[in-house]
Amino acid sequence: MDQLSRTYEPQEFEKRIYQFWEAGGWFAPPEDESLARFSIVIPPPNITGSLHMGHALQYTLHDIVTRWKRMRGHAALWLPGTDHAGIGTQMVVERQLHSEKTSRKEIGREKFLERVWQWKEQYGGRITQQLRGFGSSCDWSRERFTMDPGLSRTVRTVFVSLFKEGLIYRGEYIVNWCPRCQTALSDLEVISRETAGKLYHVKYPLKGSRDYVVVATTRPETMLGDTAVAIHPDDDRASRLKDSVVVLPIMGREIPVIEDEFVDREFGTGLVKVTPAHDPNDFEVGRRHGLAEITVMDGTGKMNENAGAYAGKDRFQARKEIVQELRKKKLLVKIDDHTHAVGHCQRCDTIVEPTLSKQWFVRTKPLADAAKAAVVDGRIRIIPEIWSKIYYDWMDNIRDWCISRQLWWGHRIPVWYCDDCGEVTCEVTDPPACRCGSTRIRQDDDVLDTWFSSALWPFSTLGWREQSRDFRRFYPTDVLITGYDIIFFWVARMIMMGLKFTGEVPFREVFLTGLVRDASGQKMSKSKGNTIEPDQLMSEYGTDAMRFALAIQSVPGTDIPLHPGRMKGYRAFANKLWNATRFVIMNLPEDLDEELTGELTFADRWIEARLGQVAAQVNAAMSLYKFYEAADTLYHFLWHEFCDWYIELIKPRLTSGQATVSTVVLLKSLRSVLKLLHPFMPYVTEELYQKLPHCEPALIVAAYPPGGVDQAGEQIIAEMKTLQAVVTSVRNMRSENSIDPARKIDLILASQLDASRAFLEQRHDDLCTLTRSKSLTVGRAHAGEKGCLRGVVGDIEISIPITDFADIEAEKNRIQKEIQKAEQEITNLNRRLSNHDFLEKAPEKVVREAEQRQKDVVARREKLETLLRRLA
RNA sequence: AGGCGCGUAGCUCAGUUGGUUAGAGCGCUACUUUGACAUGGUAGAGGUCGACGGUUCAAGUCCGUCCGCGCCUACCA
């Protein structure tokens with residue numbers, strides 16, 4: 001057996017262990033179809049990024065669940081992969097081209113895509129290496145990428161199908177346009193932020209009159225595209241203004257005054273300018289009233305040829321100049337400060353410009369109804385449940401999804417337009433010609449939103465299109481684990497698409513994790529500079545410590561503040577485990593016969609009972625995704641029971657050097673601890689398992705203890721509690737009286753109860769060891785000798801004869817304090833027990849417990865008082 | 001504007017369907033280098049559970065109001 005180093009040094013074995021697992025082929029689910037199966041697909045990280053703490057959290061939880069299921073005997077599949085991140089990746093490569101003094105437009109679409117693929121080949125692997133570093137037990141043989149041929153084919157299949165069904169359409173609508181990314185965005189990709197702005201009140205002269213109306217706007221530059229002024233029909237001024245014509249300042253265009261109920265009479269002047277081509281609201285009004293739609297900006301945020309003298313100017317520059325011109329013309333009434341929500345591009349933070357544009361959309365309503373139903377009727381369970389409501393709200397108010405992006409990197413829309421007959425062809429395979437026979441067909445230039453392909457992920461990755469064996473075996477997946485921030489982006493859309501195309505839910509459960517924050521609870525962001533990198537934590541504390549810290553803080557429904565101090569603590573925990581194993585190895589004979597039998601000691605039976613109990617608790621917690629509870633249970637058990645009590649109890653026996661059945665129990669119980677902890681701390685547990693005698697090839701495929709405890713076990717556990725209480729009390733007496741920890745004492749215990757005395761006699765050696773006593777006497781009652789420290793635990797009285805009291809007053813105070821505590825409790829209990837309502841209405845069990853408790857505490861107080869009198 | 005969540009020890013958080021004496025980790029104090037581990041051991045201090053009111057025999061837990069903090073959604077120009 002290898003000797004272990006004195007301290008835990010994770011860097012020395014993590015890589016090696018991962019390779020060991022991978023080489024063993026244990027990440028792939030066994031072929032055996034009779035096994036219960038478990039499957040989970042990764043929320044694909046995008047290839048341009050690096051994995052942050054949020055990923056570390058999510059993938060840690062994925063791995064914990066997967067390893068747990070695998071050890072529970074499931075054919076467990078965790079399918080890994082990445083997504084192509086349309087805008088992000090395109091931007092990265094464009095930057096690269098820029099530094100080479102060229103551009104995507106210069107090199108053309110085909111060359112550009114080659115460059116992106118090159119980039120993907122070169123850097124895409126970083127992510128998966130990092131994912132491996134987390135200890136992720138993904139099946140790499142099934143790794144997928146959203147732009148793989150197979151997945152791309154699925155995207156096309158789905159698109160064509162939705163198109164033919166009329167659920168995908170193309171049309172000219174207002175969309176969110178990012179002038180910097182130069183593409184349309186979906187509503188979700190727009191972050192609206194409260195922004196301090198101005199509200200400009202502008203006079204619009206009435207035609208053929210000296211009179212005018214005043215409108216209020218936050219974006220004066222859009223007025224160049226105004227095609228009406230609107231008023232609420234109930235407004236007193238409406239009858240007067242009805243059918244009036246207004247002369248639009250600067251442009252001189254004559255535009256009508258219209259009545260529409262959308263106008264908020266309380267806001268601004270109660271009159272609103274209508275710019276159908278640059279405001280979603282106005283767009284609706286415009287369509288209702290048949291207004292002209294005049295676009296006054298181009299795709300880069302500059303004013304266009306419809307903007308008259310302002311053509312070519314940046315939209316914000318134009319705003320300034322237009323305000324000036326209005327002022328000069330005495331048309332500016334006033335400028336108020338005004339805070340309002342302004343849309344920003346999620347990717348680049350540029351202010352989004354709502355723009356009229358021809359885009360592709362998914363008609364979501366029919367899909368949303370089915371998707372909502374799946375959660376309502378319980379086919380999908382969302383955990384924590386609170387998110388269900390938010391999911392319903394979104395589904396109820398869903399709007400059509402703009403899926404076209406003016407990018408080159410992504411799934412190109414499989415639609416062709418004929419130059420000759422104008423026919424639109426939508427096919428899975430590239431058509432050679434139009435139906436009219438013309439070969440002058442052009443494919444749509446745009447690509448699809450990356451989330452479109454992500455929405456298909458659970459079934460596209462498993463081979464839905466070809467109805468593969470994997471698909472039949474592993475779909476629907478068991479659970480989806482991800483952050484609550486992408487519930488709409490991704491979770492909702494996967495449910496819509498999964499139901500639509502497979503007829504089944506994509507997953508049966510959704511576990512939404514919290515967000516990882518910094519130590520002060522702030523959201524981590526690069527701009528704030530408060531990010532913590534997983535790589536840094538792993539090298540400093542070890543991967544297992546990071547994983548454990550994340551798991552033990554993973555309470556469903558709450559965010560996770562990250563404290564480096566905690567990482568340190570869990571590194572110490574790993575060290576504790578390391579040294580406990582080191583201790584066991586040091587005490588193991590060369591060739592231990594694991595078949596040894598014999599009578600089990602108290603400590604043996606106790607640790608076995610507790611292991612059964614703990615395993616049952618851990619399994620129960622895991623099945624409810626209570627990672628924190630499972631981790632916390634194990635933390636406490638290993639450190640404060642296995643090490644503090646069990647190992648301490650068996651130490652004296654081990655020095656005898658003779659292997660007995662107890663040695664076997666020691667080894668087996670340590671192995672159980674390693675198994676229980678393995679999903680949480682896979683590296684260190686595997687490393688240690690390999691150092692111990694073992695029969696299964698690796699811990700990763702060892703059987704997870706199912707747990708359970710019988711009545712005899714419960715009995716032992718209760719007895720141990722008594723022993724612990726006596727020991728703790730003695731230690732406290734020693735400590736409070738400054739008895740040198742090295743000094744051996746004579747311990748006297750007394751009880752009126754035969755059973756207690758018998759038990760104490762049986763535990764004679766254990767008690768001496770743990771209290772550092774050189775002798776133990778058990779009797780019926782105290783002899784009453786002077787010069788003793790006294791204590792009470794239940795029915796057991798404790799005395800420690802000492803002749804050299806350091807401070808007799810201190811001892812009196814100590815007992816005095818205990819009496820006070822008892823008094824307080826007696827008062828409380830008396831109050832309850834003298835209350836008739838309590839006696840009548842509370843359950844009998846509760847009353848009986850209170851009565852028993854009262855008897856116990858009163859007895860305790862009396863004993864303490866006796867002790868105090870004797871001391872005096 | 002609407003919706004949601006949070007407020008428990010110095011810090012970060014647990015606390016099941018209301019029921020003994022409200023827990024943990026870190027930090028703190030004292031003692032302790034005993035042959036697994038000082039990344040250790042033993043003991044201890046520390047909380048009127050944000051405030052007020054209500055329901056109940058019984059409230060950290062359920063209800064209401066208020067205060068403080070955070071988040072999400074939304075087309076008030």
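These numbers come from the heavy atoms of this one structure, side chains and all, not from hydrogens, waters or symmetry mates.
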**Q** Classify the nucleic acid contact of A:Lys523 as base, sugar-phosphate or nothing, counting any heavy atom under 4.0 Å across all strands shown.
**A**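 Answer is sugar-phosphate: A:Lys523 comes under 4.0 Å of backbone atoms only.
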**Q** Knowing that exactly one of A:Trp387, A:Tyr391, A:Trp490 qualifies, which makes a ring-ring contact (aromatic ring centres under 6.0 Å, His included) with A:Tyr484?
**A**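 Only one of A:Trp387, A:Tyr391, A:Trp490 forms a ring-ring contact (aromatic ring centres under 6.0 Å, His included) with A:Tyr484, namely A:Trp387.
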**Q** I'd like to check A:Leu550 versus A:Arg547 (side-chain heavy atoms, cut-off strictly below 4.5 Å). Are they in contact?
**A**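 A side-chain contact is absent here, since even the closest heavy-atom pair is not under 4.5 Å.
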**Q** Assign A:Ala850 to base, sugar-phosphate, or nothing according to its heavy-atom contacts below 4.0 angstrom with the strands shown.
**A** nothing
**Q** Classify the nucleic acid contact of A:Ala842 as base, sugar-phosphate or nothing, counting any heavy atom under 4.0 Å across all strands shown.
**A** base
**Q** Give a yes/no answer on whether the side chain of A:His338 brings an N or O atom under 4.0 Å of OP1 or OP2 in B:A77.
**A** yes
**Q** Would you indicate whether the side-chain heavy atoms of A:Leu188 and A:Trp401 approach each other to under 4.5 Å?
**A** no
**Q** Using OP1 and OP2 only, check whether a side-chain N or O of A:Thr558 sits under 4.0 Å from B:A14.
**A** yes
**Q** Looking at A:Arg6, I'd like to know whether one of its side-chain N or O atoms comes within less than 4.0 Å of OP1 or OP2 on B:C37.
**A**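 So the side chain of A:Arg6 is within the cut-off, an N or O lying under 4.0 Å from OP1 or OP2 of B:C37.
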**Q** Side-chain N or O of A:Lys389 versus OP1/OP2 of B:C4: is the shortest distance under 4.0 Å?
**A**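 So the side-chain polar atoms of A:Lys389 do come within 4.0 Å of the phosphate oxygens OP1 or OP2 of B:C4, strictly under.
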**Q** Taking B:A36 as the reference, what is the distance to B:G23 when you measure between their P atoms (whole Å, please)?
**A**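 Here B:G23 and B:A36 have their P atoms 33 Å from each other.
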**Q** Has A:Arg399 got a side-chain N or O lying under 4.0 Å from the OP1 or OP2 atom of B:A74?
**A** yes
**Q** Please determine whether a side-chain nitrogen or oxygen atom of A:Lys651 lies at a distance below 4.0 Å from atom OP1 or OP2 of B:A36.
**A** yes
**Q** For nucleotides B:A22 and B:U8, find the distance between their C1' atoms and express it as a whole number of Å.
**A** 8 Å
**Q** Just N and O in the side chain of A:His636: are any of them under 4.0 Å from OP1 or OP2 of B:G23?
**A** no
**Q** Kindly point out which of B:C57, B:A77, B:G19 is positioned nearest to the side chain of A:His340?
**A** B:A77
**Q** Look at A:Trp639 and B:G41 and indicate whether a side-chain polar atom (N or O) is within less than 4.0 Å of OP1 or OP2.
**A**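 Indeed, a polar side-chain atom of A:Trp639 lies that close.
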**Q** Report yes or no: is the cationic atom of A:Arg566 (NZ for Lys, CZ for Arg) closer than 6.0 Å to the six-membered ring centre of A:Tyr541, at no more than 45° off its axis?
**A** no
